Amino acid sequence: MPSGVLYEDRQLGPFPLQRLKRVDRPTNLITGDVKRIDGRETAFLRAARGDYGEAVKRESSRRSRKYPLYTAQREVMYHLNTIKSNDVAPARAPIPEDPKVLSRHIKRLGYFLKADIMGICRLPESAVYSHDNQGNPIDIDYPWAIVIVMSKERQTLNASNGNDWMGSPLSFQAYQPLGIAAHTIANYIRKLGYQASAQTAGQYQVLMPPLLLWAGIGEVSRAGIILNPFLGLGFKASAVLTDMPLAADKPIDFGLQDFCRQCQLCAQMCPSNAIPMGDKTMYNGYETWKLDERRCASFSMLNKHGTMCGKCVHVCPWNRPYAWQHNLVRWGIERSSLARSLAIRADRALGRGKEGGNDDEKWWFDLEDVDGVITIAH
Ligand code: SF4
Ligand code: SF4
């Protein structure tokens with residue numbers, strides 16, 4: 001009987017995923033009636049097309065060049081996205097065909113490439129966009145999705161207030177290494193003789209939220225995005241689709257549906273009232289707190305004090321660091337509704353989430369590119 005890290009259940013990455021409660025289905029209701037989404041109907045593309053008005057369309061067109069650091073990141077990301085897929089090796093590599101061993105091997109590779117969390121799920125057919133951004137039909141058929149998660153840089157996340165000039169750079173600070181990791185893993189899997197496709201920012205052929213749910217990365221939150229118990233809302237994800245035989249992780253339940261029902265902080269702090277205060281509703285087969293995408297995208301594009309908005313991400317109490325005192329709270333929240341209620345009250349009493357960013361840690365300059373001239377932003 002072989003032994004070693006590939007054959008055991010010991011922790012592979014920085015977080016104790018083995019301690020999370022695993023369940024057979026995500027904690028929000030999902031009916032069989034889920035339709036594939038057209039990639040051209042996402043909020044950013046609708047904003048760029050003019051669906052949200054001329055002013056939003058105009059600001060959307062200059063968003064990528066509005067802030068010099070963000071522009072620099074986008075230009076590097078553009079080159080990453082021109083990476084061509086290598087050919088699939090004609091013969092399979094002589095490695096074990098055991099799904100559990102291969103899953104641990106690929107997850108460990110992800111951590112080697114600086115991932116914070118790795119997960120695997122079956123690829124739901126409904127998670128594949130029907131058309132890409134250019135309107136070409138998408139016809140892909142992979143059984144497995146490998147999900148790669150990276151945290152946004154915590155110090156800058158705490159220094160920023162969410163709707164300032166670091167909103168977009170914080171996202172791309174994670175998207176760039178995610179792109180490198182996803183392309184490297186896909187390239188490697190093809191060298192082993194299996195099909196693989198990297199899914200990265202600007203080139204997604206799949207919706208990431210269903211993958212994050214089924215791979216056990218997080219639960220649906222009131223903010224309309226997936227929340228992870230160790231990273232809160234402060235992370236980004238990419239994926240690799242493959243036919244390599246793998247073993248799926250199960251979804252997780254850490255009490256978030258009840259917590260978000262009681263908390264409402266992101267909805268109270270949202271400057272555009274895009275996050276609902278009430279109960280979850282059904283949308284395209286998913287029970288969810290449905291974000292008003294038009295309000296959110298319009299506010300983000302027209303934001304005169306930054307590149308985007310991410311206020312909801314910054315105020316969420318789940319962004320607390322992975323440290324013993326917060327872990328104790330996490331432990332209670334996972335187990336008891338009373339603990340959830342007490343944690344929310346304590347968070348409010350301490351005034352957390354209300355304040356802006358931590359100015360003491362602010363290292364960036366507020367600059368705006370106006371018609372090609374870099375000016376001091378106000
Ligand atoms: S990003 Fe800003 S505008 Fe959009 S939902 Fe979050 S807080 Fe509201
Ligand atoms: S701020 Fe509160 S309600 Fe909003 S996502 Fe975080 S925990 Fe849920």
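Both ligands and their constituent atoms are indexed starting at 1 by order of listing. What you are looking at is a predicted structure, and each value in this text was computed from that prediction instead of being measured.
- The single protein non-hydrogen atom nearest to atom 2 (Fe) of ligand 1 is Cys309 SG, 2.2 Å, given as residue, atom name and distance.
- Residue contacts with ligand 1, taken as heavy atom pairs separated by less than 4.0 Å, do not involve Asn163 at all.
- The protein heavy-atom contact nearest to atom 8 (Fe) of ligand 2 is Cys260 SG, 2.3 Å.
- Heavy-atom contacts of Trp318 reach the following atoms of ligand 2: 7 (S) (cutoff under 4.0 Å).
- The protein heavy-atom contact nearest to atom 3 (S) of ligand 2 is Gln264 N, 3.4 Å.
- In this structure, Arg190 does not pair ionically with Asp87, as no charged nitrogen and carboxylate oxygen lie closer than 4.0 Å.
- The residues Asp359 and Lys362 are annotated as not salt-bridged, no charged nitrogen and carboxylate oxygen being separated by less than 4.0 angstrom.
- Less than 4.0 angstrom separates some heavy atom of Pro271 from each of these atoms of ligand 1: 7 (S).
- For atom 4 (Fe) of ligand 1, the closest non-hydrogen atom on the protein side is Cys296 SG, 2.4 Å.
- For the residue pair Ser197/Gln199, the side-chain donor-acceptor check at 3.5 Å is satisfied.
- Annotation for ligand 2: atoms under 4.0 Å from non-hydrogen atoms of Phe259 are 7 (S).
- When hydrogens are left out, the protein atom nearest atom 6 (Fe) of ligand 2 is Cys316 SG, 2.5 Å; that is the closest non-hydrogen contact.
- Using a 4.5 Å heavy-atom cutoff, the side chains of Leu231 and Arg154 are in contact.
- Among all protein heavy atoms, the one lying closest to atom 1 (S) of ligand 2 is Cys266 N, 3.4 Å.
- Ring planes of Phe172 and Tyr70: perpendicular class, angle over 60° (limits at 30 and 60°).
- Contact annotation: for Cys312 versus ligand 2, there are no heavy atoms closer than 4.0 Å.
- Atoms of ligand 2 lying under 4.0 Å from any heavy atom of Cys263, numbered from 1 in the order shown and given with element: 1 (S), 2 (Fe), 3 (S), 7 (S).
- In the model, Asp253 has no side-chain atom that pairs as donor or acceptor with a side-chain atom of Thr27 under 3.5 Å.
- Counting heavy atoms from C-beta on, the side chains of Lys107 and Asp249 come closer than 4.5 Å.
- Annotation: Tyr67 is not in aromatic contact with Trp364 [ring centroid separation under 6.0 Å not met].
- A tilted orientation is assigned to the rings of Tyr188 and His105, their planes being inclined by 30° to 60°.
- Below 4.0 Å from some heavy atom of Ile275 lie the following atoms of ligand 1, by number and element: 5 (S).
- In this structure, Ser272 is part of the shell of residues with a heavy atom less than 4.0 angstrom from ligand 1.
- Remark: the Gln257 side chain and the Glu219 side chain contain an N/O donor-acceptor pair separated by less than 3.5 Å.
- For ligand 2, the atoms lying closer than 4.0 Å to a non-hydrogen atom of Ser221 are 5 (S).
- The ligand atoms of ligand 1 that sit less than 4.0 angstrom from a heavy atom of Leu291 are 5 (S).
- Each of the following atoms of ligand 1 lies closer than 4.0 Å to a heavy atom of Cys270: 3 (S), 5 (S), 7 (S), 8 (Fe).
- A salt bridge does not link Lys152 with Asp116: none of the charged nitrogens is closer than 4.0 Å to a carboxylate oxygen.
- Contacts between Val313 and ligand 1 below 4.0 angstrom, taking non-hydrogen atoms only, are absent altogether.
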